[in-house]
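Note that these values count all heavy atoms, side chains included, but never hydrogens, waters or copies made by symmetry.
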Amino acid sequence: MSLGEYTLSFPIWVEFGNGKSKRAGEVIDAKGWNSALLVTDQGIRAAGILDGVEASLEAEGIEYDVYDGVEPNPTAEMVHDTLDVLSGGGYDVVVAVGGGSVIDTAKCATLMKTNSGSLADYEVNTPEDVTAGTVENHTHPLITIPTTAGTGSEVDYWAVITAQEREFKMAIGQPPLYPDGPYLGADVSLVDPELTASLPPRQTAATGFDAFSHALENHVAAGAPELVKPYTKHVMGLVPEYLGDAYETGNMEAREQMLFGSHMAGFCENFAGFGAIHSLAEVTGGMYPEIPHGEAIAVFTPPVMRYNLEEYPGRYAEVADAMGIDVSGLSDVEAAHEAVDAVEALIDEVDLPSSLSELDVAEDDLETIAEKSLDTIEIHDNPRDADAADLLEVARDAY
């Protein structure tokens, strides 16, 4: 069997390990930058998570200001507010310290700093949009420092920003389309497990399951390159092993493993697509911005697995094997159903919701969720074709 074709481009300098966030000042100095804008949210600032980063900047004589106006499920307006601060201060580099919302906001602000038009001009809804090369200029310099173990946004080429007037989460992104080409993302990522130590249990569970879902969808996606599969398999084994401990006790070893898994899955996102799980969850989050992304992901994962395995049971049998299930003697269909059961058990173990009704989604909105999902970039990589009627049945299964 042919391995197919792939292109590998990963221009981000990454440092992983406890205490790496305190290298920010040294890295900025080494790059010849003199001033920085720290982008974060009020919770992170109040918790003192910025302290080590700020101390490192002060030690190297780096001038900096802090913007803490980012909120969960960021909007285009938040991006514009961040851009206004960035443009008004003449900063050499942006340092994003936070979860996916903070990092995605910073990515888009650095995009708009050097590219023309509106943020919506960079929305991608089809594979053709991704390869159109809309991002013409390299973005403003960016360092990402994640504080949650979930999104992998610190190392991927994508961002999700809500267009409030449409109640729709826009996918913004572009990989390098040629050597040294512009892309949406960081120049440097400092991945420090210590910064996840104070993450509350509910966020630990939701973001951790999101990391699992990234690996799952990347693994079974249509056209997923063989390059990613050793990584996706590792993450699908790692999360079930460590998420429960990270959630229940906050054990630092478990948190380190979870951030590594999230980080590894984020790398895979650059080279393999998602699918109906993320499509449906993103649309639901756009309509119900109060729902945490990872919780919407948890609700849709088993129903989408059940839908897809009817046509591709072998791919989900591999999921079962990766999760440590003994699949010897089982048919692919039997093993695939074991994978669904194991995922449902993981969701239950960390007290995540298992239905849309638990999230207070109105049953009357299911049809709209299904129809809007066809406008997302993620649906194009779902392994099994799905139209609005199919997605409505999945949504009803999730309800």
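Using a 3.5 Å distance cut-off with no hydrogens or angles, the side chains of Lys229 and Asn218 do not pair a donor with an acceptor.
Applying the salt bridge (charged side-chain N to carboxylate O under 4.0 Å, His left out) test to every pair with at least one member in residues 148-160, sequence neighbours left out, gives these pairs: Lys107-Asp156. Sequence neighbours left out, the pairs with a member in residues 318-331 that pass side chain to side chain donor-acceptor pair (under 3.5 Å) are His219-Glu318, Asp326-Ser328, Ser331-Glu334. Evaluation of the ring-ring contact (aromatic ring centres under 6.0 Å, His included) test over residues 290-349, restricted to residues two or more places apart or in two chains, returns His278-His293.
Members clustered with Leu142: Leu37, Val39, Tyr67, Val70, Val85, Leu86, Tyr91, Val94, Val102, by chain and number, using a 4.5 Å side-chain heavy-atom cutoff among hydrophobic residues. Counting side-chain heavy-atom gaps under 4.5 Å among Ile, Leu, Val, Met, Phe, Trp and Tyr, the cluster of Ile44 also holds Trp13, Val27, Ile28, Trp33, Leu38, Ile49, Leu50, Val53, Leu57, Ile62, Tyr64, Val66, Val93, Val95, Val97, Ile143, Ile145, Val188, Leu190, Leu195. Other residues sharing the hydrophobic cluster of Ile103, ordered by chain and number and joined by side-chain separations under 4.5 Å: none, the residue standing alone. Hydrophobic cluster of Phe274: no remaining members, since no ILVMFWY side chain lies below 4.5 Å from it.
Applying the salt bridge (Lys or Arg N to Asp or Glu O under 4.0 Å) test to Lys113 and every residue at least two apart in sequence or in another chain returns nothing. Looking at residues two or more places apart in sequence or on another chain, you find a ring-ring contact (aromatic ring centres under 6.0 Å, His included) between Phe260 and Phe16. Legend: residues meeting salt bridge (Lys or Arg N to Asp or Glu O under 4.0 Å) with Glu363, ordered by chain and number and at least two apart, are absent. Residues forming a ring-ring contact (aromatic ring centres under 6.0 Å, His included) with Phe168 (at least two apart in sequence, or on another chain): none. In this view, Arg202 and Glu295 satisfy the salt bridge (Lys or Arg N to Asp or Glu O under 4.0 Å) rule, not counting sequence neighbours.
Residue-environment remark: CD (Glu367) stays at or below the threshold of 12 foreign heavy atoms within 6.0 Å. Annotation: Glu136, atom CD; neighbour count of heavy atoms from other residues, nucleotides and ligands within 6.0 Å does not exceed 12.
Ring geometry, Phe10 versus Tyr157: the interplanar angle falls from 30° to 60°, so the pair is classed tilted.
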